[in-house]
Number of protein chains: 2
Amino acid sequence: MGLSFDKLKKELSKRNIALSHQRLKVLEYLADNRCHPTADQIYVALKRQIPTLSKTTVYNTLKILGEAGMVKAITIEDNETRYDIDCKDHGHFKCESCGTIYDFSIDLDSMKSGDLNGFKIRDKDVYFKGICPSCLSLTGS
Amino acid sequence: MGLSFDKLKKELSKRNIALSHQRLKVLEYLADNRCHPTADQIYVALKRQIPTLSKTTVYNTLKILGEAGMVKAITIEDNETRYDIDCKDHGHFKCESCGTIYDFSIDLDSMKSGDLNGFKIRDKDVYFKGICPSCLSLTGS
DNA sequence: CAATCAAACTGTAATCAATACAAGAATAAA
DNA sequence: TTTATTCTTGTATTGATTACAGTTTGATTG
């Protein structure tokens with residue numbers, strides 16, 4: 001996996017946050033499953049390894065790691081928040097047929113707008129929607 | 001207001017959808033209030049004009065008009081879907097302090113990615129987050 | 001003008017992701 | 001060991017959205 005634990009621990013200790021067993025497992029799961037899972041998917045998967053795990057812990061962990069900049073929440077639509085550990089600049093494409101979310105590279109730095117002079121921009125999100133090649137081949141069109 | 005009723009009615013009649021009183025009022029509200037309101041805000045505001053209005057009708061209307069391409073749902077975060085009638089290409093900036101959503105111009109057509117060859121792109125969304133000038137001036141920083 | 005039918009509207013009930021909260025472990029410090 | 005603080009857990013609650021069934025509206029037909 002490509003996790004930078006040094007950066008992570010430094011970031012967390014700066015906030016007096018311990019890297020507990022549960023939190024580490026959530027991070028590991030996100031690192032190993034780059035499918036943008038929901039909180040519930042993470043919970044169900046980890047519940048097998050950690051039978052005592054609580055869904056509240058998963059939500060708390062995702063929130064804390066999000067504030068520390070280690071995890072990013074993706075809210076495209078459908079009232080389902082998904083999570084991504086990869087913080088490198090990329091956009092997200094959601095297939096409206098199968099629901100899969102694909103990453104794609106895009107240069108966020110070059111995205112500027114004169115309308116935002118005086119605004120402090122902390123985060124940029126790019127979401128595309130449509131049909132993925134796999135679903136396109138199924139319908140024939 | 002800048003509503004194109006001809007295009008609207010054509011689009012709706014193509015789908016055998018009538019432009020009822022309630023639906024027209026929702027459209028009018030969105031045209032007159034470019035603040036990206038939630039479904040509930042629309043409901044509360046129109047309830048005064050139409051005391052019998054049901055919240056379900058507001059949701060149904062927003063869904064139907066969305067499918068007809070007349071209204072766009074904006075889901076940045078916070079489990080609150082907002083709605084926008086302006087379909088011209090622009091991005092949305094959400095102030096994390098006051099919650100206001102600002103429009104800003106951006107060239108969506110130039111946004112491409114080689115990773116999406118073979119994908120059928122139907123919609124592009126650009127969401128920025130940060131602090132707006134008004135809130136920046138309040139904190140002094 | 002009834003009669004008929006489909007679409008539109010309404011209100012209540014249900015869903016479900018997310019949060020609040022309080023009590024119980026774990027961990028570190030003294 | 002005591003103490004304090006953080007972390008975890010489970011339950012209860014929230015709140016936006018949807019499902020559904022009954023009612024109303026409005027157009028069409030005879």
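The analysis underlying the following values was restricted to heavy atoms, covering all of them including side chains, and did not include hydrogens, waters or symmetry mates. By convention in this document, chain letters (A, B, ...) are assigned in the order of the sequence lines, proteins followed by strands, and residues within each chain are numbered from 1.
For dG10(D), the OP1/OP2 oxygens have no side-chain nitrogen or oxygen of T56(A) closer than 4.0 Å. Side-chain N/O atoms of Q22(A) include one lying less than 4.0 angstrom from OP1 or OP2 on dT9(D).
Using a 4.0 Å heavy-atom cutoff across all strands shown, T52(A) reaches sugar-phosphate atoms only and no base atom. Nucleic acid contact for T81(A): sugar-phosphate only, since backbone atoms but no base atoms lie under 4.0 Å from a heavy atom of the residue.
For I17(B), the side-chain atoms get nearest to dA8(C) when compared with the rest of dA8(C), dC7(D), dA18(C). Picking from dT17(D), dA18(C), dT9(D) the nucleotide with the shortest atom distance to the side chain of T57(A) gives dT9(D).
More than 12 heavy atoms of other residues, nucleotides or ligands lie within 6.0 Å of CZ in R122(A), so this atom counts as buried by the packing criterion.
Remark: P of dA18(C) and CZ of R82(A) are 11 Å apart, rounded to the nearest angstrom. Rounded to whole Å, atom C1' of dT8(D) lies 15 Å from atom CG of L65(A). Taking atom OH of residue Y59(A) and atom P of nucleotide dA18(C), one finds them 4 Å apart after rounding to whole Å. The nearest whole Å value for the distance from the NZ atom in K55(B) to the P atom in dG11(C) is 12 Å. In this entry the distance linking CD1 of I50(A) with C1' of dA25(C) reads 15 Å, nearest Å. R23(A) places its CZ atom 9 Å from the C1' atom of dT8(D), with the value rounded to the nearest Å. Between N60(B) atom CG and dG11(C) atom C1' there is a gap of 13 Å when expressed in whole angstrom units. Distance, K47(B) NZ to dG11(C) P: 5 Å, rounded to whole Å.
Under 3.5 Å, the side chain of S20(B) and the base of dA7(C) form no donor-acceptor pair of N or O atoms.
For Y43(A) and Y59(A), the ring centers sit 6.0 Å or farther from each other.
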Quick one, D84(B) with H90(B), criterion side chain to side chain donor-acceptor pair (under 3.5 Å). Give me CA distance, side-chain angles, the key distance, then yes/no.
CA-CA 11 Å; D84(B) 190 356; H90(B) 65 264; 3.1 Å; yes

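Linking Ile, Leu, Val, Met, Phe, Trp and Tyr residues whenever their side-chain heavy atoms come within less than 4.5 Å leaves Y102(A) and L138(A) in two separate clusters.
Side-chain contact between F93(B) and D103(B): absent, with no pair of heavy atoms (C-beta onward) separated by less than 4.5 Å.
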